[in-house]
Amino acid sequence: MDATQVIIGESAEAPLLGCAVLASALAGVHPSISEAVEAMVRPARRIKPDADAANAFDALYDRVYRHGFSALKPLSHRTSTDARPETTERRGVVAASLLAADAGHLGDAADAVLHAGADWLHVDIFDGSKASNGALSSMGPQTVKALRKRLPDAYLDVHVGCRDPAAVVDALLADGCSSGLTFQFESCASLDAARALAVETRKGGCDVGVCLAPETPISAITSLLDAGLVDMVDVLAVAPGRGGQSFDPVALPKLRALREKYPGLRLQVDGGIDGATAPDAVDAGADVLVAGSYIFRAGDAAEAVAALREAFPPEASPQGKRWPWQR
Ligand code: DX5
Ligand code: ZN
């Protein structure tokens, strides 16, 4: 530690933040304590410390923290690896959007597309309100429940574009059948409401996703991201609500900016994704490709999924590595 200066962070919750920094390094989210500090602490000002106090602190730090850290690290790593779902791996993900599937045979379509190699099932819940540009999908919490019953291990990535997102999220959480819940940011009454929804979703055991319509800038959600409340951002490349629209390149600079600022964040791109647009989206930073029309309108879904997977660099898409539900 540099004894000539001390950084005072913006957060008044120093003990809490310190614990979070240590925990994130122990869990392997950041490779070292200093990199965790770099990523998580926003300096407000720097002060010169009292030299004696700094030396005493350094001695204590060395004796307690450094030794404790190396002794505990292997154990903590093992615990966190065991506890984490495999889906948090930095692997490229192809999510098949069931909005384009045959609604009369949804279970069969979902089953088939997982067999065709899709990683996740993307379930759009749209209620015909402004949040979905008037589009009404036939899928709702009952659909998610039925899919879970049919496919107990599938990753169900639920996208909620509804007038009252909290009510729909509550219902989904009560069922406990979703894997990740992504709500349309514009449908939240305020930033506080979005924050509360993110907290509730995480408490409910689901991955937290926030979806941005093309006209919403990423600055709208940076406070949620900086607070670590979000696992995934869904960058829409079309207006929310309908499948089969063309990819709007406005998504690309947003993906790029998010990837640059948040290297560990899951970045989903949704709408107009096909063999031609996927490489640009991945190049801009997306690691979850949502595709409906391209997969379900293709003659061969397995070929379409494979073509999307080609967009990922080989190390993000290891050959032969299967998700638990693809065994
Ligand atoms: C659009 C939905 C998408 C939609 C994508 O608002 O969020 O998930 O299903 O459909 P395609 O891939 O056809 O653009
Ligand atoms: Zn969607």
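All heavy atoms count here, side chains included; hydrogens, waters and symmetry mates do not. Please read these numbers as outputs of a predicted model, since none were measured by experiment.
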Using a 6.0 Å cut-off, check whether atom CD of Glu215 has over 12 heavy atoms from anything other than its own residue. yes
I'd like to check [X] versus [Y] (side-chain heavy atoms, cut-off strictly below 4.5 Å). Are they in contact?
{"X": "Val235", "Y": "Pro214", "result": "no"}
{"X": "Trp120", "Y": "Val288", "result": "yes"}
{"X": "Cys188", "Y": "Leu197", "result": "yes"}
{"X": "Ser223", "Y": "Arg195", "result": "yes"}
{"X": "Leu289", "Y": "Arg309", "result": "no"}
{"X": "Val233", "Y": "Arg266", "result": "no"}
{"X": "Ser179", "Y": "Asp207", "result": "no"}
{"X": "Thr182", "Y": "Val208", "result": "no"}

Exercise: do [X] and [Y] side chains pair donor with acceptor under 3.5 Å:
{"X": "Asp287", "Y": "Gln268", "answer": "no"}
{"X": "Asp270", "Y": "Ser97", "answer": "no"}
{"X": "Thr277", "Y": "Asp280", "answer": "no"}

Take Arg150 and Asp108 through the test salt bridge (Lys or Arg N to Asp or Glu O under 4.0 Å) and record every step on the way to the result. CA-CA 9 Å; Arg150 166 96 185 240; Asp108 290 344; 3.0 Å; yes
Quick one: do Leu98 and Leu147 satisfy side chain to side chain contact (heavy atoms under 4.5 Å, CB included)? Show the steps, please. CA-CA 11 Å; Leu98 295 174; Leu147 286 168; 3.7 Å; yes
Closest non-hydrogen atom pair, [X] against [Y]:
{"X": "Leu308", "Y": "Ala278", "result": "CD2-CB, 3.9 Å"}
{"X": "Pro141", "Y": "Leu172", "result": "CA-CD2, 3.7 Å"}
{"X": "Ser293", "Y": "Ala100", "result": "N-CB, 3.6 Å"}

Test of understanding: with side chain to side chain contact (heavy atoms under 4.5 Å, CB included), list the residues that count as partners of Ala131, not counting sequence neighbours. Ser129, Ser187
For the side chain of [X] and the backbone of [Y], is there at least one donor-acceptor N/O pair under 3.5 Å apart?
{"X": "Asp248", "Y": "Val250", "value": "yes"}
{"X": "Arg148", "Y": "Asp175", "value": "no"}
{"X": "Asp234", "Y": "Val210", "value": "no"}
{"X": "Arg256", "Y": "Arg259", "value": "no"}
{"X": "Asp300", "Y": "Ala302", "value": "yes"}
{"X": "Arg242", "Y": "Gln245", "value": "no"}
{"X": "Ser178", "Y": "Leu181", "value": "no"}

Nearest 0.5 angstrom please: [X] [atom1] to [Y] [atom2], how far?
{"X": "Ile218", "Y": "Leu258", "atom1": "CD1", "atom2": "CG", "answer": "4.0 Å"}
{"X": "Met232", "Y": "Asp157", "atom1": "CE", "atom2": "CG", "answer": "4.5 Å"}
{"X": "Leu212", "Y": "Glu186", "atom1": "CG", "atom2": "CD", "answer": "6.5 Å"}

Find out if a path of hydrophobic residues (ILVMFWY) with successive side-chain heavy-atom gaps under 4.5 Å connects Val290 to Val282. no
Can you get from Val199 to Leu173 by hopping between Ile, Leu, Val, Met, Phe, Trp and Tyr side chains that sit under 4.5 Å apart? yes
Less than 4.0 angstrom from a charged side-chain N to a carboxylate O is my criterion; do Lys261 and Asp226 meet it? yes
With a 4.0 Å cut-off on N to O distance, would you call Asp119 and Arg91 a salt bridge? no
Verify the ring-centre separation between His159 and Phe126: is it less than 6.0 angstrom? yes
